[in-house]
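As the structure is a prediction and not an experimental result, all values here were calculated from the model. Note: hydrogens, waters and symmetry copies are ignored here, and every other heavy atom, side chains too, is used.
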Amino acid sequence: MPVIGYLGPETPERTASRLTAFREGLAEAGYVDGRNVAIISRWADGQYAKLPALARELVANNVTLLVAPGGAEVALAAKSAAGNIPIVFELGGDPVALGLVSSLARPGGTMTGVTSLSVEVSRKRLEFMSELLPTAKLFVVAANPTSPTVNSQLKNLDAAAVALGLELRVVNASRSDEFEGIFTTARSIGAGGVVFTSDPYFAYRSARLAELATRHAVPAITQALDFPVAGGLMSYGGDFRQSHRHTGIYTGRILKGEKPADLPVQRVTKVEFFINLKAAQALGLTVPPSLLSSADVVIE
């Protein structure tokens with residue numbers, strides 16, 4: 001029976017919906033855990049520095065392939081340990097720029113996977129915030145300095161700010177105990193709100209971020225739909241359920257004998273915009289009809 005090594009950046013509880021989507025994709029390709037495939041997992045519990053060692057543990061268990069979902073850090077850790085073992089990644093950034101594949105159409109090597117577009121659309125979050133708050137000329141950008149994609153995202157946001165006539169103040173946070181500083185800074189400098197860069201560490205802690213945004217009465221937008229669902233204002237990003245399902249499908253296809261080098265990196269085409277009207281009302285904001293018409297989901 002083939003064995004899948006699943007490298008998780010967080011915990012099974014934080015990734016429950018994504019795991020379900022992965023297993024659905026795997027089943028669509030004809031594989032069910034315990035019946036005709038085995039899955040062994042290692043979880044970093046948010047401590048991403050542990051990922052390379054956890055990847056080596058999986059490889060030591062003679063896995064057939066590695067699945068590396070949930071961001072660039074996970075894919076890079078898998079690559080460092082895998083040798084010739086195939087890898088299926090799932091992330092929001094550009095796998096070519098990260099050195100994971102030669103091209104999206106022809107990956108080459110032993111890696112392929114799915115990109116969810118979340119990194120590419122960071123600047124759109126700033127545009128939505130500016131549309132909601134047209135008199136605001138200063139916004140805080142929340143960034144994780146340990147993310148491999150943070151510099152490219154900040155460059156894109158700077159370009160968007162220039163085009164919109166806005167000023168940005170970057171606040172770094174790579175640990176949960178630094179989250180509150182994002183919102184207190186926004187209040188202290190009179191920023192219109194907070195725009196989060198795309199980062200899985202932020203996405204997996206959406207409930208905490210929503211609680212802080214509400215307590216400090218700061219408008220904010222993140223990449224993850226979990227944020228407005230938990231009471232935050234807005235989210236805009238790739239559909240993680242879709243990207244994880246595709247990851248499961250690719251895993252099954254490789255188990256059947258296809259080569260990662262021959263499987264083009266898939267780009268998730270679905271990008272979702274969520275607005276929580278209850279959060280907007282609590283902040284004293286009126287959402288313009290143009291913004292409402294752009295939303296995929298409006299939470300009443």
Side-chain angles (χ1 to χ4, degrees), residues 92 118-147 149-199 201-203 205-206 208-228 230-237 271 273-295:
S118 287
V119 167
E120 294 179 28
V121 301
S122 289
R123 61 181 295 157
K124 191 67 179 176
R125 292 187 205 110
L126 179 61
E127 293 173 12
F128 283 143
M129 286 292 276
S130 181
E131 187 172 347
L132 176 64
L133 302 154
T135 62
K137 296 303 176 186
L138 171 64
F139 289 91
V140 161
V141 170
N144 180 353
T146 68
S147 168
T149 65
V150 69
N151 290 333
S152 63
Q153 292 190 69
L154 293 178
K155 185 177 179 180
N156 287 337
L157 283 163
D158 283 340
V162 169
L164 294 167
L166 302 175
E167 181 183 350
L168 303 180
R169 176 77 61 86
V170 177
V171 178
N172 289 323
S174 58
R175 305 190 312 269
S176 296
D177 61 4
E178 295 175 321
F179 286 175
E180 189 150 16
I182 297 169
F183 298 96
T184 57
T185 298
R187 292 293 300 269
S188 67
I189 66 175
V194 177
V195 177
F196 279 82
T197 52
S198 294
D199 189 274
Y201 192 80
F202 293 146
R205 288 158 182 80
S206 294
R208 171 64 173 159
L209 295 175
E211 185 269 325
L212 288 170
T214 300
R215 176 147 55 87
H216 290 282
V218 173
I221 183 168
T222 76
Q223 73 180 105
L225 64 88
D226 295 338
F227 180 71
L233 179 59
M234 297 191 295
S235 69
Y236 185 71
V271 182
F273 180 34
F274 279 62
I275 299 176
N276 185 328
L277 274 186
K278 186 176 179 180
Q281 291 164 359
L283 291 165
L285 300 174
T286 300
V287 181
S290 58
L291 209 54
L292 285 174
S293 64
S294 299

inquiry  = How long is the straight-line distance from CZ of F183 back to CG of L212, given to the nearest 0.5 Å?
reply    = 5.5 Å
Heavy-atom pair of closest approach, residues G193 and M129 = CA-CE, 3.8 Å
query = Nearest 0.5 Å, what's the CG-CG distance between L285 and L277?
reply = 10.5 Å
ask   = At what distance, to the nearest 0.5 angstrom, does CG of L233 lie from CD of Q281?
value = 11.0 Å
Trace of the side chain to side chain contact (heavy atoms under 4.5 Å, CB included) decision for F202 with T222 = CA-CA 8 Å; F202 293 146; T222 76; over 6 Å; no
inquiry  = Please check this pair: side chain of S130 against backbone of E127, looking for a donor-acceptor N/O pair closer than 3.5 Å.
reply    = no
inquiry  = Quick check: closest heavy atoms across A173 and I182, and the distance to 0.1 Å?
reply    = CB-CD1, 3.8 Å
query = Distance from L291 atom CG to F128 atom CZ, nearest 0.5 Å?
reply = 6.0 Å
remark   = For V150 and A143, the nearest pair of non-hydrogen atoms, with its separation, is CG2-CB, 3.7 Å
inquiry  = Between N172 and P145, is there a side-chain heavy-atom distance shorter than 4.5 Å?
reply    = yes
request  = Begin with the C-alpha distance, continue with both residues' side-chain angles, and end with the deciding distance and a verdict on side chain to side chain contact (heavy atoms under 4.5 Å, CB included) for L126 and L168.
outcome  = CA-CA 10 Å; L126 179 61; L168 303 180; 4.0 Å; yes
request  = Kindly compute the distance separating CG (N276) from CZ (F227), expressed to the nearest 0.5 Å.
outcome  = 9.0 Å
task = Of all the heavy-atom pairs spanning R123 and A160, show the shortest one and how long it is.
result = NH2-CA, 3.6 Å
note = Value for CG (L164) from CG (L166), rounded to nearest 0.5 Å, stands at 5.0 Å
query = Can you name the closest pair of heavy atoms from L283 and A217 and give their distance?
reply = CD2-C, 3.5 Å
task = Answer yes or no: is there a donor N or O on one side and an acceptor on the other, between the side chain of S235 and the main chain of Q223, under 3.5 Å?
result = no
inquiry  = Any heavy-atom pair between the side chains of T197 and S147 that's under 4.5 Å?
reply    = no
note = Closest heavy-atom pair, T185 versus G181, reported as atoms and distance to 0.1 Å, is OG1-O, 2.7 Å
inquiry  = Please determine whether side chain to side chain contact (heavy atoms under 4.5 Å, CB included) holds for the pair S122 and F196, giving the CA-CA distance in whole Å, both sets of side-chain angles, and the decisive distance to 0.1 Å.
reply    = CA-CA 8 Å; S122 289; F196 279 82; over 6 Å; no
ask   = For the side chain of T214 and the backbone of A210, is there at least one donor-acceptor N/O pair under 3.5 Å apart?
value = yes
inquiry  = In the structure I gave you, are the side-chain heavy atoms of R208 and S176 within less than 4.5 Å of one another anywhere?
reply    = no
query = Do side-chain atoms of R187 reach the backbone of H216 as a donor and acceptor pair under 3.5 angstrom?
reply = yes
request  = Report the C-alpha separation of M234 and L132 in whole Å, then their side-chain angles, then the decisive distance to 0.1 Å, and conclude whether the side chain to side chain contact (heavy atoms under 4.5 Å, CB included) test is met.
outcome  = CA-CA 10 Å; M234 297 191 295; L132 176 64; 3.9 Å; yes
task = Would you check if the side chain of Q153 reaches a backbone N or O of S198 as a donor-acceptor pair within less than 3.5 Å?
result = yes
request  = For N144, enumerate each residue passing the side-chain hydrogen bond (donor to acceptor under 3.5 Å, both in side chains) test, keeping only those at least two apart in sequence or located in another chain.
outcome  = T146, D199
ask   = Going by the angle between their ring planes, with limits at 30° and 60°, are F273 and Y236 parallel, tilted or perpendicular?
value = perpendicular
inquiry  = Quick one: does any side-chain atom of R125 pair with a main-chain N or O of V121 as donor and acceptor, under 3.5 Å?
reply    = no
